[in-house]
Amino acid sequence: MREQAYNEGTAPRLSRVILVWSAVGVLALSLSLGTKLIRPVWRGLSVSAAIVQGRARLEQQRLDNAALKAELAFLRSDEGKRWATWYYLGMAPPGWEAGRIVEQVVSPPPPTRPERIQAWLRAARERSAQRVRMAGDILMVYCGRQDCELGSEVRNVPTAGLSKSDESGGSDGGSGDGDG
């Protein structure tokens, strides 16, 4: 009978439940002792991360300082003074023809995907509104509340030079069965 109960899967299920509850108990115990166990570890990790970030900032500051020292040394030279006068004040030495380079106007960047979607939705709403207005106009004409306004364009006007007309040398506009 025991073997049958064990084979049905009741015993492994019970051991899993006991394992899960014991893990939850250990976790609750460690959290209750959080000030003595987890907090120092967490604080140590955050302090070590702050130290690494501080070292990276210090190294970046050293690189920036070296670049500024090199720029200062260049600006103290005669060539650097001429360059600074030209660049910052817009002055050129006598005899030079000074010109200004105008950058080309940059076209606006293409619309992003959300902007394209919004434009498409706006156009779809406009088309829908136009169809509704047109349907309303048609209903008003059928109900007799509005006069039918036909456009001034004339449709199906025969023009010279068509293949079926007499002027172009085609058939006489007959039956079109090719017996002509």
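Reckoned from all heavy atoms, side chains included, excluding hydrogens, waters and symmetry mates.
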For [X], give me all partners under side-chain contact (heavy atoms from CB on, under 4.5 Å), at least two apart in sequence or on another chain.
X      : result
Ala84  : Leu75, Tyr88
Leu89  : Thr85, Met91
Glu103 : none
Ile51  : Val47, Arg55

Which atom pairs, donor and acceptor, lie under 3.5 Å between side-chain atoms of residues 124-139 and protein residues at least two apart or in another chain?
{"residue": "Ser128", "atom": "OG", "partner": "Ala124", "partner atom": "O", "Å": "2.9"}

Next item on the list: Using side-chain hydrogen bond (donor to acceptor under 3.5 Å, both in side chains) as the criterion, list what pairs up with Gln60, not counting sequence neighbours.
Entry: Asp64
Notebook entry, point to check: In chain order, what residues pass the side-chain hydrogen bond (donor to acceptor under 3.5 Å, both in side chains) check against Asp78, with sequence neighbours excluded?
Noted result: none
Note to self: Just to verify, what does Tyr87 make a ring-ring contact (aromatic ring centres under 6.0 Å, His included) with, not counting sequence neighbours?
What the structure shows: Trp83
Check: Side chains of Leu19 and Ser22: closer than 4.5 Å at any heavy-atom pair?
Finding: yes
Checklist line | Interatomic spacing from CG in Asn65 to CG in Leu58 - rounded to 0.5 Å | finding: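 One gets 9.5 Å once the value is rounded to the nearest 0.5 Å.
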Check: So which heavy atom on Arg76 is nearest to which on Lys81, and how close?
Finding: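 Taking Arg76 first and Lys81 second, the nearest heavy atoms are O-CE, 3.4 Å.
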Tabulate below the donor-acceptor pairs under 3.5 Å that side-chain atoms of residues 106-122 make, not counting sequence neighbours, or state none.
{"residue": "Glu115", "atom": "OE1", "partner": "Thr112", "partner atom": "N", "Å": "3.0"}
{"residue": "Arg116", "atom": "NH1", "partner": "Pro111", "partner atom": "O", "Å": "3.4"}

